[in-house]
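Heavy atoms only: backbone and side chains are in, while hydrogens, waters and symmetry mates are out.
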Amino acid sequence: QVQLVEDGGGLVQAGDSLRLSCAASGHTLSVNHMAWFRQAPGKEREFVASLFWSQLSETVTDSEKGRFTVSRDSAKNTLYLQIDTLKPDDTAVYYCAARTYPRPSRQGADYQYWGHGTQVTVSS
């Protein structure tokens, strides 16, 4: 089992930056990929970014390249998501997810472990 706990959300203004964190614990050696998803009110959950944990290869959804940066602190087993120039459309619950299988994926259904999410609200 892998436990994931997100932190760093809050109420911010458009144009601000924010860094979300996701602390992993448990059988973290089994994790191959970690990812961020988000779900805005009334919308489906969508992929944001992922990190190939063992190879430090990152993937960011095309629509947010340049504003979103995913990184990690391997010593702390923590995944980060830096969001710059926040927009009201970024308002969502941001979830961290982990996948043990070697193949990367942008599909939420392919991730076995999920955190409870952290709310990000961007005011205009």
Side-chain angles (χ1 to χ4, degrees):
Q1 293 290 322
V2 176
Q3 293 79 42
L4 304 172
V5 179
E6 302 96 335
D7 196 10
L11 174 62
V12 296
Q13 292 187 334
D16 287 350
S17 296
L18 200 62
R19 190 175 80 158
L20 307 180
S21 64
C22 171
S25 61
H27 295 162
T28 57
L29 289 179
S30 67
V31 173
N32 272 298
H33 301 276
M34 291 188 70
W36 289 99
F37 290 80
R38 68 182 180 182
Q39 187 165 19
K43 296 186 177 180
E44 293 187 353
R45 182 178 59 195
E46 64 175 352
F47 171 84
V48 172
S50 67
L51 190 71
F52 194 166
W53 198 252
S54 62
Q55 297 189 13
L56 283 179
S57 172
E58 68 173 71
T59 300
V60 178
T61 189
D62 291 342
S63 62
E64 304 298 353
K65 285 182 178 177
R67 289 201 308 123
F68 288 14
T69 304
V70 61
S71 63
R72 74 168 191 184
D73 183 332
S74 58
K76 296 181 180 180
N77 281 329
T78 299
L79 181 75
Y80 299 100
L81 180 69
Q82 175 76 27
I83 311 174
D84 296 321
T85 319
L86 280 152
K87 306 173 184 178
D89 284 349
D90 293 323
T91 295
V93 178
Y94 285 72
Y95 296 93
C96 174
R99 171 175 168 81
T100 61
Y101 297 102
R103 181 180 59 84
S105 175
R106 299 186 180 205
Q107 303 301 316
D110 291 337
Y111 287 78
Q112 297 112 306
Y113 303 104
W114 290 83
H116 291 295
T118 184
Q119 175 72 47
V120 173
T121 303
V122 184
S123 63
S124 58

Trainee: Determine all donor-acceptor pairs shorter than 3.5 Å in which one atom belongs to a side chain in residues 4-18; sequence neighbours excluded.
Mentor:
unit_1, atom_1, unit_2, atom_2, d
E6, OE1, H116, N, 3.1
E6, OE1, G117, N, 2.9
E6, OE2, C96, N, 2.8
E6, OE2, G117, N, 3.2
D16, OD2, Q13, N, 3.1
S17, OG, D84, OD1, 3.0

Trainee: Is the closest side-chain heavy-atom distance between T28 and W53 below 4.5 Å?
Mentor: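 Result no, sub-4.5 Å side-chain heavy-atom pair not found.
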Trainee: Minimum heavy-atom separation for S105 and F47, please, with both atom names.
Mentor: O-CE1, 4.2 Å
Trainee: Taking all heavy atoms of T91 and all of P41, pick out the closest pair and write down the distance.
Mentor: O-CD, 4.0 Å
Trainee: Of all residues at least two apart in sequence or in a different chain, which pass the ring-ring contact (aromatic ring centres under 6.0 Å, His included) check with Y111?
Mentor: F37
Trainee: Once side-chain contact (heavy atoms from CB on, under 4.5 Å) is applied, do any residues pair with T100, and if so which ones, sequence neighbours excluded?
Mentor: S30, Q112, Y113
Trainee: From S71 OG over to L79 CG, what is the distance, rounded to the nearest 0.5 angstrom?
Mentor: 7.0 Å
Trainee: Taking all non-hydrogen atoms of both residues into account, name the closest pair between Y80 and W36 and its distance.
Mentor: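 Here Y80 and W36 meet closest at O-NE1, 3.4 Å.
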Trainee: Under the rule for side chain to side chain donor-acceptor pair (under 3.5 Å), what residues qualify as partners of S74, not counting sequence neighbours?
Mentor: none
Trainee: Run the side-chain contact (heavy atoms from CB on, under 4.5 Å) test against A92 and tell me which residues pass, sequence neighbours left out.
Mentor: R38, A40, Y94
Trainee: On a heavy-atom basis, which atom in L86 and which in R67 lie closest, and how many Å separate them?
Mentor: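 Looking at all heavy atoms of both residues, the closest pair is CA-NH1, 3.9 Å.
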Trainee: Give every residue pair that meets the ring pair (Phe, Tyr, Trp, His ring centres under 6.0 Å) criterion with at least one member in residues 7-32, sequence neighbours excluded.
Mentor: none
Trainee: Distance check, rounded to the nearest 0.5 Å: R19 atom CZ versus T69 atom OG1?
Mentor: 11.5 Å
Trainee: Considering the options M34, H33, R99, which one meets the side-chain contact (heavy atoms from CB on, under 4.5 Å) requirement together with F52?
Mentor: H33
